[in-house]
Amino acid sequence: MLDIRFIRENTAAVKTAMINRNAEVDVEALLVLDRRRRTLVSEVEELKADRNKISKSIGLMIKEGKDPETIKTQVRKMGDRISELDEELREVVAQLREALLYSPNMPSETTPIGKDENDNPVVRSWGKKVELDFEPVAHWDLGASLNLFDLERGAKIAGSGFPLFIGRGAKLERALIQFMLDLHTEEHGYTEIAPPFMCNDTAMTGTGQLPKFAEDMYAVPIDGLYLIPTAEVPVTNMYGDEILKELPIYHTAYTPCFRREAGSAGKDTRGLLRVHQFDKVEMVKFTTPETSAEEHEKLTLDAERVLQKLGLHYRVIELCTGDLGFSAAKCYDIELWAPAQDKWLEVSSCSNFNDYQARRANIRYRNEDGKTAFIHTINGSGVALPRLVIAIMENNQNSDGSIDLPEALWPYMGGLQKLA
RNA sequence: GGAAAGGUGGCUGAGUGGUUUAAGGCGCUGGACUGCUAAUCCGGUGUGGGACUUGUCCUACCGAGGGUUCGAAUCCCUCCCUUUCCGCCA
């Protein structure tokens, strides 16, 4: 959420930012609501001050044995007026808050300006494309022939997009999760969290999923809960309404993620390319405003380290203003090369939210002056599994249909070096 | 699922309708005293919002939301959460 005071004092910059984002935000309407709110507050608080004074004098009158009935009638009328104004104020405040909750974050000053994904610059890349002396086989065929997963049976019990892993395939999922968590906790300084996989409205609003993206999530309305689309939601909101004493905080968490993918029906439907349930290891940082930019760069490197250890060719792109996510101020995507798909697959999205989520979730710290201020939040996938599994399978395949496992995974696969 | 007791500042803990303007204690912090430390004494220590003369005033906040009243931390209603006991259960 943006600070209404910031909008008031930087109106032109906010308007420009929203245009660069292709976001339709009526900034003038926000300012009108803000002016109305402040007028009402002044009016109603003046009345309350008067009422408080008179009520106190009634207490004194009773003590002195005087009759307060005339004054009581008068104050009752004031009370009626106060109720009216209070209700109008509540309405205006609710409208303003709602409008702010639907307004995306300001892109950071370093975010490149651009229209859509075609304007995203490539920041760097690592490794190089594998050269296979045979036609690469798609992961869905490899998975079926090696019996690593059974997508038909997954669809039978839950629907398409709910993969079911078998045997060594299931173990590979578990091995990757364990490998990534160990790397982040033992070498990158993150503390592991095992959070709830469902969250309430407040948490979903805190990180920005609600109110705008409700239809992207699976809901359990009878309990007022949603299945989490990312560990970012529980791990960020665990500090909601708190004043944090020690910063920075680094957390990593494995969770399954649930996404309805409502807007992408019919796209990337084959195999594990785009699924409704997937495993992911997430990294989340809580920092001061001064260090967040640097911490964001470091977190992105932590995600890249996973891919380097697995020996996978990747590139890092930076999202331009037109492609930036709703809550993010700056974002790097990491993409893996998949030879049989003949394209890059996004496996990580590393974002700096500045104080946008912290203001929504009310997460603060005390700055050098001892004043409370909003912290900055940063998070990124470290990394998401299905497309990582695709890349491992398609890049490491042999002409006989077997797949070499990366050496870093051997200890986690009970010494197994090859899927054959 | 049933029963009971609770929810008050960073922590602890009083407060059953009107100098409560939330006592007292702990902690933190500034000062005084002091070879040093400790102890002691004095002062300051919540959050959001609004206004303007930027330093003050006003306003709201005692789990959340309603209600009664001139006036609610206090009385009433609904909900949430915590603890303990019972039941069920991986």
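Chain naming here is simple, since letters A, B, ... match the order of the sequence lines and numbering starts at 1 in each.
When the nucleotides B:rG46, B:rC70, B:rG66 are ranked by their closest atom to the side chain of A:V75, B:rC70 comes out on top.
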Nucleotides 49-62 of chain B: protein proximity per nucleotide (B base, S sugar-phosphate only, - neither; heavy atom, under 4.0 Å): BSS------BBS--
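Distance CG (A:D201) to C1' (B:rC79): 15 Å, rounded to an integer number of Å. The CG atom of A:N200 sits 13 Å away from the P atom of B:rC80 (whole-angstrom rounding). For the pair A:K245 NZ and B:rC28 C1', the computed distance is 11 Å after rounding to whole Å.
Ring orientation note: the planes of A:Y356 and A:F326 are nearly perpendicular, at an angle over 60° on the 30°/60° scale.
Between B:rC89 and B:rG17, the two C1' atoms lie 48 Å apart (nearest whole Å). Rounded to whole Å, the P atom of B:rU59 lies 14 Å from the corresponding atom of B:rA73. Across the P atoms, B:rG1 and B:rA60 are found 39 Å apart, a figure rounded to whole Å.
Partner A:N20 forms a side-chain contact (heavy atoms from CB on, under 4.5 Å) with one of A:L324, A:T111, A:T321 and no other, that one being A:T321.
Residue pairs meeting the side-chain hydrogen bond (donor to acceptor under 3.5 Å, both in side chains) criterion with at least one partner in residues 187-198 of chain A, sequence neighbours excluded, are A:H184-A:H188, A:E187-A:R305, A:H188-A:R305, A:Y190-A:D302.
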Let me have RNA chain B in dot-bracket notation, would you? Count Watson-Crick plus G-U wobble pairs, both distances under 3.5 Å, and use [ ] for pairs crossing earlier ones and | for inter-strand partners. ((((((((.[[[..)..(.....]]]((((((.......))))))(((((((..))))))).[[[[[..)....]]]]])))))))....
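With 3.5 Å as the limit, one finds a donor-acceptor pair spanning the side chains of A:Q357 and A:T377.
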